[in-house]
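Chain A is the first sequence line, chain B the second, and so forth, proteins listed ahead of strands; every chain is numbered from 1.
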There are 2 protein chains.
Amino acid sequence: MDRWRALGVDAVTRADLLTQRLSRFASLSAEEIALANALATKSEDFPGGTELIAEGQSLDMPHLLVSGWACRFRMLPDGRRQIFEFILPGDLYGLCLRPQAIALTTAISLTPVVIADASALGEAITQPEKYPGLTLACQITASLEEAYLLNQLMRVGRQTAYERTAHLILELHERLSIVGFADETSVPIPLTQEIMADALGLSVVHLNRTLQQLRRNQLIEFKSGYVKLLQPDQLAEIADFRSPRVTRRSALA
Amino acid sequence: MDRWRALGVDAVTRADLLTQRLSRFASLSAEEIALANALATKSEDFPGGTELIAEGQSLDMPHLLVSGWACRFRMLPDGRRQIFEFILPGDLYGLCLRPQAIALTTAISLTPVVIADASALGEAITQPEKYPGLTLACQITASLEEAYLLNQLMRVGRQTAYERTAHLILELHERLSIVGFADETSVPIPLTQEIMADALGLSVVHLNRTLQQLRRNQLIEFKSGYVKLLQPDQLAEIADFRSPRVTRRSALA
DNA sequence: CGGGAGCTTGATAGCTGTCAATTTATGTGG
DNA sequence: CCACATAAATTGACAGCTATCAAGCTCCCG
């Protein structure tokens, strides 16, 4: 499970990860920034494959994924697995304002991860008057999450393997760009093809062939753990990719 | 578009629809009940095919679907359509606490509908101290909506046509039961097979054959607008159907 | 009674999954 | 640093689920 260490996937542990992302959605006061930055200071490491939340477990404590990748998924009795969404560095999970809430899905780490307790943030956003910026930013974050879930449904329900693979790559590129992990054309994707296939609703074999087709068509390059976008615009056209807009104010992500 | 009138789909307009559903999730005070019941008193009719919300439009006013069916969907440039979720009688839509929010998807009516302005409810739940029951019930409702979205993703991503069709029927049965529109074994489903296919990520032709297969196997009966569950337990087994649990308290729906 | 939407059916293609085997990459221990 | 063990990626052959195309049928409505 150390295959990603060399890629820097878990090497980067920036305390301002969350802050950087949230301040993109709302202006934060100095106090709010301090609160968000403080989260990452006391964090814990886990190897890949660690169960972070179990379906049905009570959601009493939100967490911040400081580094590494995780995902939420569900399985059928015979082993078929559907990954609902990826949790990327800077993402929050296990956050639900309502009391007595329980997790709708299991979540596991896909790479080695660093995780911080975000209960301070969870409490902060129950006081919107005191932390207006954090509250708004978290709400926007939640909307974005829904938007990504809808994208996922659109991919899996109505797009061909070719289209949906392109679409997912673009989405990951966008999300990672927001937290500064991807540049204009390069996306670190520390996923085995099996995991990617489970997210896309495809078999491993077919995903493999689809990736090769994308490569043959000069649309992407992929070496271990990295995807390079050779023709981002044409990819977006093929995938009908559009950045989600969830709010009227900011141009958004 | 009048094919459903005879089925009573839009004939039933109960003022307590919403109340009945919400009180299942939290105990409501007399004042809260009055507020919820008052919504349905001034409502408006629209024919099937009416656009209720446009993607990108600002979400300033929540609505209550008093009667009839609607759905949220998105389309690809070439016309392929994915329905994300159905909006059933007693459901709220267009509700987002955050200011400046915009709709992530378009919503249209699938049958003639009766719609009420629910802004009073939207304002009520910004005062949790005053309306604790309504607030909690709405939050649980939102969680349930997410649960149904995840179900939808599971169906479309990893289940066969046969399984996913069974699963959707069971889910609709459950949701309609909560508002008293379905009995133990009978589900009114006022959808054309084309619409159902767009929800299931299938072609009309294949859905048609799948429905016939379910019928041949003595699992369901379907006449115009109604589905009868002949062997609910076996259906649930085939579909791996489980009622969503979103909260620790109530046994939930 | 005619027209149209929705439903059904048959024939056919093709996308995607499954199975099995091979190659390549990665990680470990000597 | 090399050899082995294992995981991941590839490849080929083949089956099968699902889509597409086209035509006929049924029911409802005007």
Side-chain angles (χ1 to χ4, degrees), chain A residues 1-7 9-10 47-49 69 76 78-82 110-112 155-166 189-216 220-227 238, chain B residues 1-7 9 47-49 76 78-82 110-112 155-166 189-216 220-227 238:
Chain A
M1 269 301 184
D2 283 350
R3 61 197 303 240
W4 311 119
R5 191 153 296 158
L7 298 173
V9 166
D10 67 343
W69 285 39
L76 291 170
D78 68 356
R80 281 173 288 174
R81 175 172 68 169
Q82 178 63 49
L110 296 171
T111 69
R155 279 194 287 265
V156 155
R158 283 307 189 197
Q159 291 195 296
T160 64
Y162 192 69
E163 295 165 338
R164 75 178 84 158
T165 303
I189 301 189
L191 304 175
T192 64
Q193 293 185 5
E194 183 181 3
I195 289 170
M196 215 164 164
D198 281 347
L200 290 171
L202 297 172
S203 67
V204 196
V205 173
H206 195 64
L207 171 62
N208 181 283
R209 291 182 167 127
T210 303
L211 285 170
Q212 289 178 55
Q213 198 184 342
L214 284 167
R215 182 176 51 188
R216 261 201 312 282
I220 64 170
E221 260 177 28
F222 61 104
K223 340 169 229 230
S224 63
Y226 271 92
V227 172
I238 289 168
Chain B
M1 267 302 185
D2 284 349
R3 62 197 304 239
W4 311 119
R5 190 152 299 158
L7 298 175
V9 165
L76 291 170
D78 68 357
R80 281 173 290 175
R81 175 172 68 168
Q82 178 63 48
L110 296 171
T111 69
R155 280 194 286 267
V156 156
R158 282 307 188 196
Q159 291 195 296
T160 65
Y162 191 70
E163 295 165 338
R164 76 178 84 159
T165 303
I189 301 189
L191 303 176
T192 64
Q193 293 186 5
E194 183 181 3
I195 289 169
M196 215 164 163
D198 281 347
L200 290 170
L202 297 172
S203 67
V204 195
V205 174
H206 196 63
L207 171 63
N208 181 282
R209 291 180 168 129
T210 303
L211 285 170
Q212 290 179 53
Q213 198 183 342
L214 284 167
R215 182 176 51 186
R216 261 201 313 280
I220 64 170
E221 261 177 26
F222 60 103
K223 339 169 227 228
S224 63
Y226 271 92
V227 171
I238 289 168

Between R158(B) and D198(A), does any NZ, NE, NH1 or NH2 come within less than 4.0 Å of an OD or OE carboxylate oxygen?
yes
Euclidean distance, R155(A) CZ relative to T160(A) OG1, rounded to 0.5 Å
12.5 Å
NE2 of H206(B) versus P of dT12(C): gap in Å, rounded?
19 Å
Measuring from the side chain of Q193(B) (C-beta onward, heavy atoms only), which nucleotide among dT10(D), dT8(C), dT16(C) has the closest atom?
dT8(C)
From CG of L202(B) over to P of dC15(C), roughly how many Å is that when rounded to an integer?
18 Å
Of the candidate nucleotides dT9(C), dT8(C), dG17(C), which contains the atom at the shortest distance from the side chain of R209(B)?
dT9(C)
Starting at CD1 of I195(A), measure out to CG of L200(A) and round the result to the nearest 0.5 Å.
12.0 Å
5' priority, DNA chain C, between R164(A) and V204(B) [closest heavy atom]:
V204(B)
Interatomic distance where CG belongs to D198(A) and P belongs to dG17(C) [whole Å]:
11 Å
Without decimals, in angstroms, what is the distance between D78(B) CG and dA19(D) P?
14 Å
Between atom NZ in K223(B) and atom C1' in dC7(C), what is the gap in whole Å?
18 Å
On the side chain of R80(A), is there an atom forming a donor-acceptor pair with the base of dG17(C) - under 3.5 Å, no angle test?
no
Whole-Å distance separating the CG atom of L110(A) from the P atom of dA8(D)
12 Å
For L207(A) and dT11(D), what is the distance between atoms CG and P respectively, to the nearest whole Å?
13 Å
Nearest of dG10(C), dA19(D), dA9(D) to any side-chain atom of V205(B)?
dG10(C)
When you look at F222(A) and Q193(A), which way does the side chain to side chain contact (heavy atoms under 4.5 Å, CB included) test go after all the steps?
CA-CA 12 Å; F222(A) 61 104; Q193(A) 293 185 5; 4.1 Å; yes
Without decimals, in angstroms, what is the distance between E194(B) CD and dA19(D) C1'?
15 Å
Walk me through it: do Q159(A) and L76(B) pass the test side chain to side chain contact (heavy atoms under 4.5 Å, CB included)?
CA-CA 9 Å; Q159(A) 291 195 296; L76(B) 291 170; 3.9 Å; yes
Verify the contact: side-chain N or O of Q212(A) to OP1 or OP2 of dA9(D), cut-off strictly under 4.0 Å; return yes or no.
no
Has N208(B) got a side-chain N or O lying under 4.0 Å from the OP1 or OP2 atom of dC7(C)?
no
